[in-house]
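Single-structure report; data block below.
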Amino acid sequence: MGDVLVMLVRGEFEADPRATMLPPRAAHEPPPRRVMEVMTREPVTVTETTDVTRVIDLMVGKRVKSLPVVRDERVVGMVSRRDLMATLARPDEELRSAVVEALREHYPFGLSWDVTVRDGVAELSGPPHEHADHIADLLAGTVPGIVRVKHLRRGP
């Protein structure tokens, strides 16, 4: 997770000199008055179900700080670098609590796992149970800020 945050915060988002430069205009041309005169003609968009890692890849690859979110070709929101950082920059203990809660909701009276989180990587350990292990891995992976899930088996 640390690498993702570093990528979002600095290295990949160095100042773009084009952001403050305007193309030279003839002295007799008026400044732009409408958005259509300065907007990006082929914007990169995402949907509400786009994976967060894909959003990060797009932001880094396209060197943009925000992306429109569309549903059926209609803009329904925006996702920004700040939004992602707020989600990803959660302390490990907070992430651990969220993973434990997600597991408890699905298995309130049965299976249990020991959960540790370090740098956004969740490690689940518990008695082997193939079906439950798979579901637990998926549940842990849905917690915003968890970047990877490892499953360690304990017992026979």
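Looking at D51, its side chain does come within 3.5 Å of a backbone N or O of T53 through a donor-acceptor pair. Although no hydrogens or angles enter the test, the distance criterion places no donor-acceptor pair under 3.5 Å between the side chain of R96 and the main chain of P91. A donor-acceptor distance shorter than 3.5 angstrom exists from the side chain of D83 to the backbone of S80, with no hydrogens or angles considered. When atom types are taken as modelled, the side chain of D137 and the backbone of K150 share no donor-acceptor pair closer than 3.5 angstrom.
In this structure, L95 CG and T116 OG1 are separated by 12.0 Å, a value rounded to the nearest 0.5 Å. Of the inter-residue distances, the one linking T50 atom OG1 with I56 atom CD1 reads 12.5 Å to the nearest 0.5 angstrom. We find the CZ-CD distance between R71 and E73 to be 13.5 Å, quoted to the nearest 0.5 Å. The distance from atom NZ of K62 to atom CG of D57, rounded to the nearest 0.5 Å, is 12.0 Å.
Within 6.0 Å of CE in M39 there are more than 12 heavy atoms belonging to other residues, nucleotides or ligands.
Closest approach of A98 to V143, counting heavy atoms only: CB-CG1, 3.6 Å. L67 approaches V44 most closely through the heavy-atom pair CD2-O, 3.5 Å. Minimum interatomic distance between M78 and S66 (heavy atoms only, all atoms of both residues): CE-OG, 3.7 Å. Contact detail for E94 and R90: the closest heavy-atom pair is OE2-NE, 2.9 Å. Nearest heavy atoms, D92 versus G120: OD1-N, 3.2 Å.
With a 4.5 Å cut-off on side-chain heavy atoms, L124 and V99 count as touching. L84 places a side-chain heavy atom less than 4.5 Å from the side chain of M59.
With hydrophobic clusters built from ILVMFWY side chains whose heavy atoms lie under 4.5 angstrom apart, V76 shares a cluster with V79. Under the 4.5 Å side-chain heavy-atom criterion for grouping Ile, Leu, Val, Met, Phe, Trp and Tyr, V100 is not connected to L138 through any hydrophobic cluster. Cluster annotation: V70 is not connected to L58 through the hydrophobic network of ILVMFWY side chains, with a link wherever side-chain heavy atoms come within less than 4.5 Å.
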